[in-house]
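First the structure, in the form of structure tokens, and then the observations on it.
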Amino acid sequence: MPSYTAPTRDTQFILQEMLDVTAMDIPGYDELDADFTAAVLEESGKIAGELLQPLNGTGDKQGCQLENGVVRTPEGFKAAYDALREGGWSALDADPAYGGQGMPALLNLATGEFFSSANMAFQMYFGLTHGAISAIDAHGSEDQKATYLPHMIAGDWSGTMNLTEPQCGTDLGLIRTRAEPQDDGTYRISGQKIWISAGEHDLTDNIVHLVLARIPGGPEGIKGISLFIVPKFLVKDDGSLGDRNALSCGGLEEKMGIHGNATCVMNYDGATGYLIGEMHKGMRAMFTMMNEARLLVGMQGYAQATVAYQNALAFARDRLQGRDVTGDKNPDGPADPIIVHPDVRRNLMDQKSFVEGARAFALWGATLIDAAHRNKDAEADALISLLTPVIKGFLTDKGFETTVLAQQTLGGSGFTQEWGLEQFVRDARIAMIYEGTNGVQSLDLVGRKLGLNGGKTVMGFFKMVKSFIKENEDNDTLKADFLDPLKAASKDLQAGAMYFMSEGMKNPNNALSGSYDFMTMFGHVCLGLMWARMAKAAQSALDAGAGDRDFYTSKLATGRYYMSRQLPATALHLARIQSGADPVMTLDAANF
């Protein structure tokens with residue numbers, strides 16, 4: 001039976017020591033003192049471990065059931081949903097004008113990690129709603145905000161996004177769903193959407209679908225797409241629910257994982273819809289939701305890796321197999337615990353160094369979101385835009401890889417349902433696919449994001465790394481173990497970018513064939529930067545005589561492992577990039 005304990009100590013270290021949030025010039029951060037964040041983290045961690053984690057296996061085994069057009073969620077999900085809703089967890093960072101608590105996005109991400117580690121399929125119901133709230137808040141009319149946001153923020157109503165259709169996924173210009181204008185200003189939405197997470201369920205009184213559709217007579221392709229609010233139940237003028245809209249769940253997908261979340265085929269048969277934002281500008285509004293979703297999916301990647309690592313570590317400490325080659329460590333027992341063996345240690349250190357570095361990276365990213373939104377900081381907004389495909393792609397790739405490593409730690413036990421590791425592997429796999437596959441993320445990074453602001457944003461990132469190295473070059477603890485490896489990795493990343501600039505102009509495939517390696521290399525450099533920053537904070541605490549010495553010395557040892565065993569992978573990825581398109585494109589399609 002798997003277990004989960006929220007990493008509150010590690011999260012608190014990142015918030016209070018690495019990021020030093022109260023010193024950051026972002027509105028609301030002055031209130032994030034250690035006592036306050038500790039209280040929020042402890043309470044959310046308790047909910048995650050005691051309420052949500054026990055339902056994870058139940059949700060996986062029972063799944064969702066479609067009965068007479070109604071989707072029944074697994075046993076216990078409704079009660080857990082109501083508990084989180086009543087506790088205000090659905091509205092942590094939402095606008096107080098509509099009933100939210102107005103806390104920073106930073107805290108929403110931190111607590112969301114705990115909930116997602118404990119029960120990823122369950123947390124998705126809240127995550128989809130959060131994205132829909134953001135889209136309506138950013139692009140909806142005042143009347144639409146007043147109608148929908150209070151109920152959605154309260155958790156009484158939920159939300160979705162409807163993009164994909166049977167004939168199109170990434171290429172949304174192929175959308176066929178139609179929106180016929182009506183005399184009263186509404187639209188009749190007709191078409192079919194597939195793979196709609198939380199599209200139908202029994203957790204809320206209403207479901208507010210955000211649907212991409214095409215108004216007849218508009219431009220062809222992606223420029224002719226508009227976004228519509230299409231509620232499951234129509235809303236009366238007094239705010240109460242009226243008639244059922246002309247939409248239905250046509251079926252549930254049979255999936256590899258996240259069984260507790262309803263992934264639906266949604267049919268729209270002349271359903272009443274309301275245009276949100278400008279006509280034919282639907283992708284602009286939808287990307288508000290998609291970009292947020294990509295950041296949250298990146299969080300899902302390391303959240304599943306975290307719970308998998310915790311259970312692998314517990315197994316490695318208890319499982320007795322073989323003897324330590326340097327001498328018995330459990331002389332009174334028949335064998336030593338497998339954690340004494342170097343290869344098991346390598347496996348566990350790969351896991352530990354990733355999840356702790358990934359957590360720091362994602363939380364730092366959340367501070368950029370807060371700076372962009374609360375300070376209207378254009379540089380922070382551009383930087384998080386650059387990093388979004390890296391956060392989504394790298395953290396979900398490595399998150400899945402880490403769940404597999406955790407499963408491997410258990411040997412044959414990891415392949416059985418009893419221990420729970422195989423569910424973490426199956427659940428983590430979707431994060432590499434939805435909200436834009438990781439291949440698409442790499443193309444977005446190289447094809448669009450490197451050119452942001454004429455390349456000034458990525459150059460600003462390189463400058464930030466260089467400045468950190470220069471500011472700390474006299475720190476003997478950091479230089480050899482952290483700064484030098486970071487400098488080498490950053491140079492590899494810059495060399496990759498320069499290759500794209502020089503060779504990509506000659507042949508675009510030279511850039512596109514190396515885009516995945518570049519995204520991965522970028523992720524390693526970001527985690528290298530995070531580990532250098534965490535090492536500085538840990539050493540400072542030790543120098544100041546902090547009491548929890550084991551925590552800080554462990555942090556330094558884990559960071560050294562990442563810098564010496566993981567970060568050098570940038571050289572491999574650079575070599576692949578510089579090999580160009582020929583190794584990838586030479587073989588004729590017919591000869592595969």
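A 6.0 Å sphere centred on CD of E254 holds no more than 12 heavy atoms belonging to other residues, nucleotides or ligands. The local environment of NZ in K491 is sparse, with at most 12 non-hydrogen atoms from other residues, nucleotides or ligands closer than 6.0 Å. Annotation for R9: atom CZ counts as buried by contact number, over 12 foreign heavy atoms lying within 6.0 Å. Within 6.0 Å of atom NZ in K466, 12 or fewer heavy atoms from other residues, nucleotides or ligands are found, so the atom counts as exposed in its surroundings. Atom CH2 of W195 has 12 or fewer heavy atoms from other residues, nucleotides or ligands within 6.0 Å.
Side chains of M18 and I14 form a contact here, defined as non-hydrogen atoms less than 4.5 Å apart. Side-chain contact between L527 and F354 is present, with heavy atoms from C-beta onward closer than 4.5 Å. You'll find the side chain of R533 reaches within 4.5 Å of the side chain of L19, heavy atoms only. Looking at heavy atoms from C-beta onward, P74 lies in side-chain contact with C64 at the 4.5 angstrom threshold. In this structure, the side chains of M349 and T558 come closer than 4.5 Å at one or more pairs of heavy atoms. Contact check for E356 versus Y562: no side-chain heavy atoms found under the 4.5 Å cut-off. In this structure, F462 and L493 have side chains that are in contact, with non-hydrogen atoms separated by less than 4.5 Å. A heavy-atom distance below 4.5 Å is not found between the side chains of D481 and M563.
Using modelled atom types, one side-chain atom of Q441 and one backbone atom of G436 make a donor-acceptor pair closer than 3.5 Å. For T11 (side chain) and P7 (main-chain N/O), a donor-acceptor pair under 3.5 Å exists by modelled atom type. For Y561 (side chain) and R346 (main-chain N/O), a donor-acceptor pair under 3.5 Å exists by modelled atom type. A donor-acceptor distance shorter than 3.5 angstrom exists from the side chain of Q53 to the backbone of P2, with no hydrogens or angles considered. Listed for the D336 side chain is no donor-acceptor partner under 3.5 Å among the backbone atoms of D328. Listed for the Q16 side chain is a donor-acceptor partner under 3.5 Å among the backbone atoms of L32.
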side-chain hydrogen bond (donor to acceptor under 3.5 Å, both in side chains) between D397 and N438: does it pass, once the steps are laid out? CA-CA 8 Å; D397 270 356; N438 288 354; 2.8 Å; yes
Would D202 and K78 count as a salt bridge (charged side-chain N to carboxylate O under 4.0 Å, His left out) here? Give the steps. CA-CA 7 Å; D202 58 0; K78 176 67 166 116; over 6 Å; no
Start with the C-alpha distance between K536 and N472, add both sets of side-chain angles, then the distance that settles side-chain hydrogen bond (donor to acceptor under 3.5 Å, both in side chains), and finish with yes or no. CA-CA 9 Å; K536 180 179 179 180; N472 296 282; 2.9 Å; yes
Going through the distances and angles, do Q539 and D543 end up as a side-chain hydrogen bond (donor to acceptor under 3.5 Å, both in side chains)? CA-CA 6 Å; Q539 188 60 50; D543 292 344; 2.9 Å; yes
Please evaluate residues K555 and D10 with respect to the criterion salt bridge (charged side-chain N to carboxylate O under 4.0 Å, His left out), reporting the C-alpha separation (whole Å), side-chain torsions for both, the decisive distance (0.1 Å), and the verdict. CA-CA 9 Å; K555 186 65 69 177; D10 195 57; 2.3 Å; yes
Stepwise, does the side-chain hydrogen bond (donor to acceptor under 3.5 Å, both in side chains) test hold for T396 with Q300? CA-CA 7 Å; T396 58; Q300 288 179 335; over 6 Å; no
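You'll find the ring centres of F115 and F122 outside the 6.0 Å limit. Outside the 6.0 Å centre-distance limit, the rings of F394 and F361 are not counted as a close aromatic pair. Ring centroid separation for the pair H201 and Y125 comes in under the 6.0 Å cut-off.
Between the side chains of T111 and S44, no donor-acceptor pair of N or O atoms lies under 3.5 Å. For the residue pair E75 and Q62, a side-chain donor N or O sits within less than 3.5 Å of a side-chain acceptor on the partner. A donor-acceptor contact closer than 3.5 angstrom is absent between the side chains of D33 and T22. No side-chain N or O of N347 forms a donor-acceptor pair with one of Q408 less than 3.5 Å apart. Side chains of T403 and Q351: a donor-acceptor N/O pair is absent below 3.5 angstrom, by distance only. Under the 3.5 Å distance criterion, with hydrogens and angles disregarded, a donor-acceptor pair is assigned to the side chains of H130 and D93.
We find that K329 and D324 are joined by a salt bridge, their nearest charged nitrogen and carboxylate oxygen being less than 4.0 Å apart. Ion pairing between a basic and an acidic side chain is recognised when a charged N comes within 4.0 Å of a carboxylate O; R294 and E435 show no such pairing. Salt bridge absent: K479 and D474 never bring a charged side-chain N and a carboxylate O closer than 4.0 Å. For the pair E401 and K398, the salt-bridge criterion is met [side-chain N within less than 4.0 Å of a carboxylate O]. Using a 4.0 Å cut-off between a side-chain N of Lys or Arg and a carboxylate O of Asp or Glu, R426 and D60 qualify as a salt bridge.
Y499 does not carry R576 over the face of its six-membered ring by the limits of under 6.0 Å from the centre and within 45° of the normal.
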Donor-acceptor contacts, no H, no angles, side chain residues 303-320, under 3.5 Å, sequence neighbours left out:
from: Q304; atom 1: NE2; to: S116; atom 2: O; distance (Å): 3.0
from: T306; atom 1: OG1; to: Y302; atom 2: O; distance (Å): 2.7
from: T306; atom 1: OG1; to: R359; atom 2: NH2; distance (Å): 3.2
from: Q310; atom 1: OE1; to: T5; atom 2: N; distance (Å): 2.9
from: Q310; atom 1: NE2; to: T5; atom 2: O; distance (Å): 2.6
from: N311; atom 1: OD1; to: S3; atom 2: N; distance (Å): 3.0
from: N311; atom 1: ND2; to: S3; atom 2: O; distance (Å): 2.8
from: N311; atom 1: ND2; to: V307; atom 2: O; distance (Å): 2.8

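In this structure, the separation between SG on C264 and CG on L252 is 5.0 Å, given to the nearest 0.5 Å.
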